[in-house]
Amino acid sequence: GAAYWRRAMAERWLSLHDAALRDALKAVAIDPATREDKIRKLTRLGYFEVSPNDVKNPLLALADAVQACMADERCW
């Protein structure tokens, strides 16, 4: 997972936004450690929030958070 995340950051830097998003999502999907690390970071930065009353799938909320963060240059 971490290798996919690092590749996503390089792709983002190269303005390959679709590839970066695809690899970032793959990183959090396949590796529980990367997923937990990114959940903590995205929560701290305000991109990820799941309330107890939220019926939305937490993985969908995480995907939304990753996408929002990847689009925001201040996030990384």
Side-chain angles (χ1 to χ4, degrees):
Y4 278 112
W5 193 266
R6 285 190 299 274
R7 186 164 78 181
M9 294 301 100
E11 290 165 337
R12 186 177 180 276
W13 185 79
L14 294 169
S15 298
L16 302 172
H17 301 291
D18 291 339
L21 178 58
R22 190 171 37 254
D23 283 335
L25 292 173
K26 187 179 289 187
V28 297
I30 66 169
D31 183 12
T34 299
R35 182 170 44 249
E36 291 174 22
D37 177 59
K38 299 309 168 189
I39 286 173
R40 280 192 298 275
K41 183 172 185 174
L42 293 169
T43 300
R44 186 178 76 247
L45 294 172
Y47 290 95
F48 183 73
E49 182 179 323
V50 177
S51 71
N53 298 329
D54 194 355
V55 296
K56 190 176 191 180
N57 181 335
L59 291 178
L60 292 177
L62 179 57
D64 290 346
V66 168
Q67 185 171 5
C69 187
M70 293 296 283
D72 184 357
E73 292 187 17
R74 295 172 296 163
C75 187
W76 302 106

- Query: About how many Å separate SG of C69 and NZ of K41, when rounded to the nearest 0.5 Å?
  - Reply: 7.0 Å
- Test item: M9 and W5 side chains (from C-beta on) under 4.5 Å apart, heavy atoms: yes
Distance-only donor-acceptor pairs under 3.5 Å for side chains of residues 17-35, two or more places apart:
| unit_1 | atom_1 | unit_2 | atom_2 | d |
| --- | --- | --- | --- | --- |
| D23 | OD1 | R7 | NH2 | 3.1 |
| D23 | OD2 | R7 | NE | 2.9 |
| D23 | OD2 | R7 | NH2 | 3.4 |
| D31 | OD1 | A33 | N | 3.2 |
| D31 | OD2 | T34 | OG1 | 2.6 |
| T34 | OG1 | A2 | N | 3.3 |
| R35 | NH1 | V28 | O | 2.6 |
| R35 | NH1 | A29 | O | 3.2 |

- Query: Could you give the distance from CG (L59) to CD1 (I39), rounded to the nearest 0.5 Å?
  - Reply: 7.5 Å
- Note on the structure: Of all heavy-atom pairs linking E73 and R12, the shortest is CA-NH2, 2.9 Å
- Task: Not counting sequence neighbours, which residues clear side chain to side chain donor-acceptor pair (under 3.5 Å) with Y47? List them please.
- Result: D72
- Look at the side-chain heavy atoms of Ile, Leu, Val, Met, Phe, Trp and Tyr, link any pair under 4.5 Å apart, and say whether M70 and F48 land in one connected group. yes
- Query: Measuring from E49:CD to D64:CG, what's the distance to the nearest 0.5 Å?
  - Reply: 13.0 Å
